[in-house]
Amino acid sequence: MTAAVETAAVKKVWTETDFMALPDDGNKYELVNGELVVGNAGMEHGNMGTFLGGALELYVRSRKLGAVCDSSTGFRMQSGNVRSPDVSFVSRERLQGLKRLPKGFFQGAPALAVEILSPGNTVEEIHTKIVEYFENGAQLVWVINPDEQYVLVYHAPKPDQFLRVGDSLDGEALVVGFSLAVAELFTEWEF
């Protein structure tokens, strides 16, 4: 066997240190089944995540409900996978006893995980993430489809609400009182 074939046959084992040392190059990284998965999103995707995350953060922080994180935050699943939802919320109950948030990955899924669909996402890929989130402690998942302007709401791996532009996202029992008109996610720019 040649050196090139031997090298190709050896699979890199990613440590948390390796993963955390990846460059801040605008890509979103996840570790899935031992493989590094690199994703990137367009400006619309990034802005939508920032808008929703910002609205959640302002609400959550003012009420001391927990922590809101962006897509650069890794959540270690029981399988060893590291998932990075586009927006996430971890309740204060899961953060009890901490004075600061962990510098590394959070163990388990966030209470609320938000996935914003990108053109390259497959139904199977998104479904696999949703299943893994719920297997690891998620209580609520929002999947946003920017192209078709709807949000699917999950309380289990099967969606149970289909929200359109006339509806509102609801923080339910996790982020009590939080509400955001779905239309605000899809507002067209006027300069």
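Values in this document were obtained by computation on a predicted structure and should not be read as measured data.
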Straight-line distance of Q107 CD to M77 CE, nearest 0.5 Å: 9.0 Å

Contacts of E148 that satisfy side chain to side chain contact (heavy atoms under 4.5 Å, CB included) - sequence neighbours left out: N145, Y150

Minimum-distance pair of heavy atoms, taken over all atoms of S79 and E132: OG-OE2, 2.5 Å

4.5 Å side-chain heavy-atom contact, K129 and N81: no

Closest approach of L174 to F89 (non-hydrogen atoms, all atoms of both residues): O-CE2, 3.8 Å

Pairing residues for E57 by the side chain to side chain contact (heavy atoms under 4.5 Å, CB included) criterion, not counting sequence neighbours: R61, V68

Smallest separation among heavy atoms of V82 and G74, with atom names: CG1-CA, 3.8 Å

Closest non-hydrogen atom pair, L140 against H155: CD1-NE2, 3.6 Å

Heavy-atom side-chain proximity of F134 to Y154 below 4.5 angstrom: yes

For a quick test of your reading: what N or O donor-acceptor pairs under 3.5 Å do the side chains of residues 181-191 make, sequence neighbours left out?
residue	atom	partner	partner atom	Å
T187	OG1	A183	O	3.2

From CG (D86) to OG1 (T73), nearest 0.5 Å: 11.0 Å

Identified side chain to side chain contact (heavy atoms under 4.5 Å, CB included) partner of C69 from the options S88, P85, P110: S88

Contact check, side chains of T50 and D70, non-hydrogen atoms, under 4.5 Å: no

Pairs touching residues 56-86 that satisfy ring-ring contact (aromatic ring centres under 6.0 Å, His included), sequence neighbours left out: Y59-F178, F75-F106

Interatomic distance, H45 atom NE2 to I144 atom CD1 [nearest 0.5 angstrom]: 8.5 Å

Heavy-atom pair with the smallest gap, counting every atom of R94 and A109: NH1-O, 2.9 Å

Side chain to side chain contact (heavy atoms under 4.5 Å, CB included) partner of L65, the single match among L56, V175, V90: V175

Over 12 foreign heavy atoms within 6.0 Å of CD, E93: yes

Side-chain donor or acceptor of R83 paired with backbone N/O of Y133 under 3.5 Å: no

Results of salt bridge (Lys or Arg N to Asp or Glu O under 4.0 Å) for R63 - residues two or more places apart only: none

Atom pair CD/CG of Q139 and L112 - distance to nearest 0.5 Å: 9.5 Å

Minimal non-hydrogen separation, P157 against H127, with atom names: O-CE1, 3.7 Å

Check: R76 side chain, G80 main-chain N or O, donor-acceptor pair, under 3.5 Å: yes

Would you list the atom pairs, donor with acceptor, under 3.5 Å between side chains in residues 161-171 and any protein atom, with sequence neighbours excluded?
residue	atom	partner	partner atom	Å
D167	OD2	R164	N	2.8
D170	OD1	E172	N	2.7

Spacing of E115 atom CD and N121 atom CG [to the nearest 0.5 Å]: 7.5 Å

